[in-house]
Every structure is written in structure tokens, then in C-alpha cells.
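Note: hydrogens, waters and symmetry copies are ignored here, and every other heavy atom, side chains too, is used. In this text the structure is predicted, and so the values were computed from the model without any measurement. Residue numbering restarts at 1 for every chain, and letters A, B, ... go by the order of the sequence lines.
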Amino acid sequence: MVGGLRAEDHGASQRLAGWVHRRRDLGGLVFVDLRDRSGLVQLSFGPAWTEPESLALAHELGHEDVVLVEGTVERRPEGARNQEIATGDVEVRAVRLQRLSDAVTPAIPVYQSAGEPLPAEELRLQHRVLDLRREELQRNLILRHKLVIAARNYFDGLGFLEVETPMLTKATPEGARDYLVPSRVHKGEFYALPQSPQLYKQTLMISGFDRYFQIARCFRDEDLRADRQPEFTQIDVEASFVEPDDILGWMEGLVVALSQVAGLEAVRPFPRISWADSMERYGSDRPDLRFSLEISDWTKATADVDFGIIRSQVAAGGRVRGLRLPGGARLSRKEIESIEAEAKAAGALGLLWAKRTAEGLSGTLGKFISGTQADALGLGAGDLVVAAAGADKVTSPALAAARMAAAKVLGLTPEREHAWLWVTEFPVFVEEDGVLVAAHHPFVMPHKDDVHLLESNPLAVRGTAYDLVYNGTEFGSGSIRIHLPDLQRRALRVLGLKDEEIDTKFGFLLGALAAGAPPHGGIALGLDRIVQRFTGSGSLRDVIAFPKTTAARALFEGAPTQAGSAELEALGLEVTVGRKRGS
RNA sequence: GGGGCUGUAGCUCAGCUGGUUAGAGUGCCGGUCUGUCACACCGGAGGUCGCGAGUUCGAGUCUCGUCAGCCCCGCCA
């Protein structure tokens, strides 16, 4: 490896192989930066120490040629050292040079000079073989590897077993769209690629593998984002005879181990907040606790404020909630409106605000309130409040957006760099367009105090579900699962499933549960997202070796492709749309 | 499914209210050069202006469509 050579290696004979990163040909002398994944080292070629044929070859080397070199490590002459690179005190004086591979001129540069912009991402994905040679991507994938190894060792140390589960599996009736794989043997039937190993890991619990984990690939056929890929990797965990505390404790230990690998800080225990509390105080189920700004309920404090919007929203059953921003009075109207714009983008009709300065009260809300009423909001001189009136469903996301926007506009410094958090007691069910759906998935064990509400008031049923949140990003979620077949059937009925449907779709699960199931639960963490945040990458694509585009295409190898008619026939398939583009 | 941005030399970009021969830097090719490290200097080649229609005397530039990439909403834990 070339990147580790130092002044102490002076005089050592070396045989090095790598890629030609850069060549500086001075006519008599030739310098070549040799690269491998450990870094760079300068090779020097000169008539005094290099064999003539090798010297001639050195003049001809091009970018990305693969070479093998024999020579001696030498301290560089005074004034010829390079502080910029780790091996800058030495060079390898090449005696013999062999070209192992003559590379064509790279379509996109591997070498980048300082401040040079990256090629278009389309080209980077197309020429992934070259892009992956860049130090940044190599560093990301190396860290990813180290995190995976650390996770495996961590779980192994706790007696967890890694068990592989199928990739060709059964379509799941709800959740994301499945990727389907046609069966040749059973024409007209399809496997699905797993959205997660959820049901398999529960089955493993029932089979007695009481501590399981897997670095599991998952597939979801939904539209993509910068932080979403159609195939992604989860650190998947499940254990039997556990309470949430057990899972949370183990996972905190894992996060500490992973953070150590990445050189970041994670302090246990992580704070915990219930979902209801989180929505109340931060308007979000994944609050960024690097900032402590909290939402207040001002419904009472504004009860005698004569302001149409407030009165009508409260009369309709809504509340007045808002954020107190100390020192916020210095914000301009434009800056305040930028906060409002974020709240509107999150679904609010508008944001009310009041500013208090030496001159008095001002703002859309400020105009309507007295000094006493301002005091009731905690609005002191120099402060600003922003508020939203209406149903929590609308105001919570709006205030969550306003909270982050305000932190940015005010230039608040984070109170901590790494804000780890557990959000617990997620509801089991939520209402979507008037229909009851599972908030997480339909296997979440209801809170024991709420089981009796299952049929009478399902929306009030708290679940034993928890999310791990890091700096406002959800890193993973899990729950204690239902291990009683009767209870599982009740939960599925609440979702509107008929008994026959339950038996066809979930019969294998209910059957397994009936075989004597231990209480069990687990969690899954998004590995890609963890690596993305730990490396500070802007996109998931920079922490995956061969990612897909936002249209789910693989540009390097060119997937997906059309199937030939013989293949289709063998599968018993006929394609009726989209036959085009011979390419 | 919807909205926005982008597409000009291998790469990164410039190209004005439409105007006749489309530029720069870098890379590439050739040459000079013994301490460079963004080596320097001299010379050269290199263009389907994403693609297709349309408007116009004339389109890289305007209009419509389409393809691709990226960002966002819907969707997705």
C-alpha cells in the first residue's frame, strides 16, 4: 500500500502497484503520483537511477494506467517536500517500471484540482468505475464497511445470530409497492422482493432463535428522493422475551459503538419522549433536539384576544400554539415571512406573529394584543412570537417547520452536535382519508393499558413502538410485536380485514403464532442513512457503491432492460405497454 | 402522477434584445524542458448546441413536444 510510506522508511526497497493519478514530465525527470486506496505517493524517474526502458515508458504514462514499480523510498530533497499529502516527505525512486494496463483517457477525471466541481451526477453514475476511484467515495465505502463489521461484532458479542432470509418472497398486502419477480415454473405467479424481513424475523423468534440480527437488503418500488433508494440496507434486529427497554438499551450500545468507529460522540442514555409529547412540544415525530425551542399552547392566553382567525379556529375546536423566539424582534419582516413560507409549505394557511420592541407591539398578531396579553405569551421586549391557530393536525407540522426555519434565520448555534433521541408510544393506528391504517405495520403490540380500546377507540391506542432519531432524521423504528394469535386477528380486523382475507394473507403468521410464540420485539435501522449522516454526504448515492437514479435506473450497467420474446414466453408473460427504444 | 431546475468540445462552463466563422479553462495529441507537485512554455486537433417538430429571411438563443439527470410534493417507515 502506497499511502503509508513515511520518512522512517528511507532506504527501504519497495515494489508498488497502483494507478497513475497524475504525471509531471520535466523532460529529464518524470514525477508520477501513484494511487491506491490507501492514498498517494510520488514516484520519481530520472536517468541517474531509472533503467532506460523504464524511463522511456515513464514519459508515455497516461492518467489511470495501472503500473508496477520497483524502487527505493527516499527522503525528498530539502525544499521539495509536499505538506499537502501524507507521504509528502518521501518519494519512491523508481528503478524499474512495468505497465500492467494501458488505460484509455478517462471520460470523467479521477484527479481533481482544488475547488474543481464534480462532473454531472449522470456522468458520475454512468462512469461509476472511475467515480468510485475518488477518495471521497472510497472513504465513504470504507467507513460503511467498518460500521457493518462493528455492528456484526457488537451483536455477536451479545449472543445475537445473523440469519439470512429469502429475497424471493411473498407479496405483502400493504405498505409500499412490491418489486415482483415472475415465476417460470408457476406461470402467472410472482414472487415479491422483501420490503423488510419483518415476518421472517418474527417467525425466527417463534422458532426459538431468540436473538437475531441481519444486515438485510430491502426493496420498495416507490418514487425516490435524495435520501431514498429502491433497494437499501437495514440493520435488522429482533429478540424474544424482551421489553422496549431491552431493545432500546442494546441499540444505544450499538449507536455508541458505531459512533466510535465514525469518531463521533454519543452519550447514553438517549433522552426519551412519547410520541404525543413530541408532537405537542416539537410538532414532529422526529424533532431535531440540537435546538431546545419548544412549542407552547396559547389557547388560554389568547382567550380574550379579539382576532377573527383565532376566534373562528378555536370555536371550531382548534388551538392556538406557537413558538417564543427570544431576541427575535431583530428579525426583519422579510425574515419573518421566510419562516411563514416554511410553515405554509408544511400545510399551514398562515402564521401569526408579534414582535415587542421599545416602541411597543407590532405584527399580524401584535396589532391585536395588549401588553398584558403579550406578557401572557411570554413575549418580552426584544422577542418575537410566531403562532398558528387551528387543528393540531395542521398546526403541528407547520410549527415544526417554523421551528427549524426560525433556528436557521436566527442563526442559533446548536446546543449539541449529536442529538440522539427515542420517540416512544407511537399510535398503533392513524386515520388516512377517513380510513384506518396501521401507523407502522399491523404487528405492533398495543400498550397494555390500551388493549381494551382496540375496537372502541382504535385511534387512541398507543403502541409499543419506538423510533430512533438523530438530529431530526429518523434512523430506525421498531416495536414489541403481537405474539398472541387472537390479538393479532383483532388488530387486523380493526384495519377492516375480513376473516377470510386475514387467513389468506396472514394465515402463515397466525399459524406460526399459534405454535407457541414468545413475546418478542425488535427494530430496524437504516444503514445507508446512518452512513450518509456520519460521512456528511448530501445523497444516499454517495454511500452506495452502485446506486440507482431518481428514476430507479442503474446508469452504469443500464438496468432495467426489456426482456426478449423468448424469455417472456418462458415466463408466460406478455408486455402490452412501453415496448420502445431499442437502444 | 404533479411542480421546479438543468442539458453547448472528453470534463467544467461562457455565449447579451434571434444575426452570418459558437468561445474559455482543463483534458487529449505533438514538441521543448533535471526537482516538479494545478510543473512551465510553444503548437495542434476536437461541436448532432440532448432529441423532434414549429415560428422566422435567419434559432445554441423563441414556442410546443419528448428524453435524461437532479430537487420537491404525492407516494414511501
What distance, rounded to whole Å, do you find between the two [atom1] atoms, one in [N] and one in [M]?
N: B:rC13; M: B:rU6; atom1: P; answer: 12 Å
N: B:rG74; M: B:rU56; atom1: P; answer: 44 Å
N: B:rG69; M: B:rC33; atom1: C1'; answer: 44 Å
N: B:rA9; M: B:rA14; atom1: C1'; answer: 13 Å

Given atom [atom1] of [X] and atom [atom2] of [N], what is their separation to the nearest angstrom?
X: A:Asp285; N: B:rC76; atom1: CG; atom2: P; value: 15 Å
X: A:Tyr111; N: B:rG10; atom1: OH; atom2: C1'; value: 17 Å
X: A:Leu125; N: B:rU6; atom1: CG; atom2: P; value: 21 Å
X: A:Leu118; N: B:rG69; atom1: CG; atom2: C1'; value: 15 Å
X: A:Asp542; N: B:rC71; atom1: CG; atom2: P; value: 10 Å
X: A:Glu121; N: B:rC11; atom1: CD; atom2: P; value: 16 Å
X: A:Leu224; N: B:rG1; atom1: CG; atom2: C1'; value: 14 Å
X: A:Arg228; N: B:rC75; atom1: CZ; atom2: C1'; value: 7 Å

*asked:* Tell me whether the side-chain N or O atoms of A:Glu122 pair up with the base of B:rG7 as donor and acceptor below 3.5 Å, since no angle test is needed here.
replied: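 Result: no qualifying N/O pair found.
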*Counting only distance, no hydrogens or angles, is the base of B:rG1 paired donor-acceptor with the side chain of A:Arg177 under 3.5 Å?*
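Not at all, since no donor on one side and acceptor on the other fall under 3.5 Å apart.
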Can you tell me if [X] touches the phosphate of [N], counting only side-chain N or O atoms and a distance under 4.0 Å to OP1 or OP2?
X: A:Thr105; N: B:rG10; result: no
X: A:Arg225; N: B:rC73; result: yes
X: A:Ser477; N: B:rA77; result: no
X: A:His63; N: B:rC28; result: yes

With a non-hydrogen cut-off below 4.0 angstrom, is [X] in contact with a base, only sugar-phosphate, or nothing?
X: A:Gln195; answer: sugar-phosphate
X: A:Gly88; answer: nothing
X: A:Ala439; answer: base
X: A:Arg93; answer: base
X: A:Ile85; answer: nothing
X: A:Ala107; answer: sugar-phosphate
X: A:His440; answer: base

Name the pairing partner of [N], where a pair is Watson-Crick or G-U wobble with both distances under 3.5 Å, or state none.
N: B:rC5; answer: B:rG69
N: B:rG43; answer: B:rC29
N: B:rG18; answer: none
N: B:rA38; answer: none

*With under 30° as parallel and over 60° as perpendicular, where do the rings of A:Phe506 and A:Phe443 fit, or are they tilted in between?*
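Rings of A:Phe506 and A:Phe443: perpendicular, over 60°.
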*Residues in side-chain contact (heavy atoms from CB on, under 4.5 Å) with A:Glu474, at least two apart?*
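Per chain and number, A:Glu474 pairs via side-chain contact (heavy atoms from CB on, under 4.5 Å) with A:Arg286, A:Asp467, A:Ser477.
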*Kindly write out the residues that satisfy side-chain contact (heavy atoms from CB on, under 4.5 Å) with A:Ala419, not counting sequence neighbours, or none if the list is empty.*
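With neighbours one apart ignored, the set is A:Leu289, A:Arg290, A:Arg416, A:Asn471.
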*Test the A:Arg22-A:Tyr111 pair against the cation-pi criterion, namely NZ or CZ under 6.0 angstrom from the six-membered ring centroid and within 45° of the ring axis.*
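Here A:Arg22 passes the 6.0 Å and 45° test against A:Tyr111.
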*Note, A:Leu254 side chain near A:Leu525 side chain (heavy atom, < 4.5 Å)*: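 Yes, their side chains come closer than 4.5 Å.
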Is [X] salt-bridged to [Y], going by a charged N under 4.0 Å from an acidic O?
X: A:Asp9; Y: A:Arg6; value: no
X: A:Arg144; Y: A:Asp528; value: yes
X: A:Glu238; Y: A:Arg481; value: yes

*Could you tell me which residues satisfy side chain to side chain donor-acceptor pair (under 3.5 Å) with A:Thr87, sequence neighbours excluded, listed by chain and number?*
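None.
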Check residues 24-35 of chain A and write down every donor-acceptor pair under 3.5 Å in which the side-chain atom is one partner and the other belongs to a residue at least two apart or another chain.
{"from": "A:Arg24", "atom 1": "NH1", "to": "A:Asp33", "atom 2": "OD2", "distance (Å)": "3.0"}
{"from": "A:Arg24", "atom 1": "NH2", "to": "A:Asp33", "atom 2": "OD1", "distance (Å)": "2.9"}
{"from": "A:Arg24", "atom 1": "NH2", "to": "A:Gln42", "atom 2": "OE1", "distance (Å)": "2.9"}
{"from": "A:Asp25", "atom 1": "OD1", "to": "A:Gly27", "atom 2": "N", "distance (Å)": "2.9"}
{"from": "A:Asp25", "atom 1": "OD1", "to": "A:His59", "atom 2": "ND1", "distance (Å)": "3.2"}
{"from": "A:Asp25", "atom 1": "OD2", "to": "A:Arg23", "atom 2": "NH1", "distance (Å)": "3.0"}
{"from": "A:Asp25", "atom 1": "OD2", "to": "A:His59", "atom 2": "ND1", "distance (Å)": "2.9"}
{"from": "A:Arg35", "atom 1": "NH1", "to": "A:His21", "atom 2": "ND1", "distance (Å)": "2.9"}
{"from": "A:Arg35", "atom 1": "NH1", "to": "A:Glu64", "atom 2": "OE2", "distance (Å)": "3.1"}
{"from": "A:Arg35", "atom 1": "NH2", "to": "A:Glu64", "atom 2": "OE1", "distance (Å)": "2.8"}

*Please name all residues satisfying ring pair (Phe, Tyr, Trp, His ring centres under 6.0 Å) with A:His63, sequence neighbours left out, ordered by chain then number.*
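Expected list: none.
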*Okay, side chain of A:Ser278, backbone of A:Ser274: is any donor-acceptor separation there less than 3.5 Å?*
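The answer is no, because no donor-acceptor pair under 3.5 Å joins these two groups.
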*Qualifying salt bridge (Lys or Arg N to Asp or Glu O under 4.0 Å) pairs with a residue from residues 539-552 of chain A, counting only residues at least two apart or across chains*: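 Residue pairs with at least one partner in residues 539-552 of chain A: A:Glu121-A:Arg541, A:Arg124-A:Asp542, A:Glu231-A:Lys548.
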*asked:* Does anything in residues 418-445 of chain A form a salt bridge (Lys or Arg N to Asp or Glu O under 4.0 Å)? List the pairs, not counting sequence neighbours.
replied: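 Only A:Glu425-A:Arg462 qualify under salt bridge (Lys or Arg N to Asp or Glu O under 4.0 Å).
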Could you check which residues of [range] get a heavy atom under 4.0 Å from RNA chain B? Sort them by number, please.
range: residues 18-35 of chain A; answer: A:Arg22, A:Arg24, A:Asp25, A:Leu26, A:Gly27, A:Gly28, A:Leu29, A:Phe31
range: residues 37-59 of chain A; answer: A:Gln42, A:Pro47, A:Trp49
range: residues 521-540 of chain A; answer: none
range: residues 65-77 of chain A; answer: A:Arg76, A:Pro77

*From the options B:rU12, B:rA77, B:rC71, select the nucleotide whose nearest atom is closest to the side chain of A:Pro117.*
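Selected nucleotide (nearest to the side chain): B:rU12.
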*Picking from B:rA38, B:rA77, B:rC75, which would you name as closest to the side chain of A:Ser113?*
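So the side chain of A:Ser113 is nearest to B:rA38.
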*With no hydrogens and no angle check, do the side chains of A:Trp422 and A:Glu252 hold a donor and an acceptor under 3.5 Å apart?*
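Short answer, yes.
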*Between A:Tyr282 and A:Asp288: side-chain donor-acceptor atoms closer than 3.5 Å*: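 No.
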_Please compare A:Thr549 and A:Glu474 by the position of their nearest nucleotide in RNA chain B and report the one closer to 5'._
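The residue mapped nearer the 5' terminus is A:Thr549.
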*side-chain hydrogen bond (donor to acceptor under 3.5 Å, both in side chains) pairs, two or more places apart, involving residues 75-86 of chain A*: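 Every candidate side-chain hydrogen bond (donor to acceptor under 3.5 Å, both in side chains) pair involving residues 75-86 of chain A fails, so no pair, neighbours aside, qualifies.
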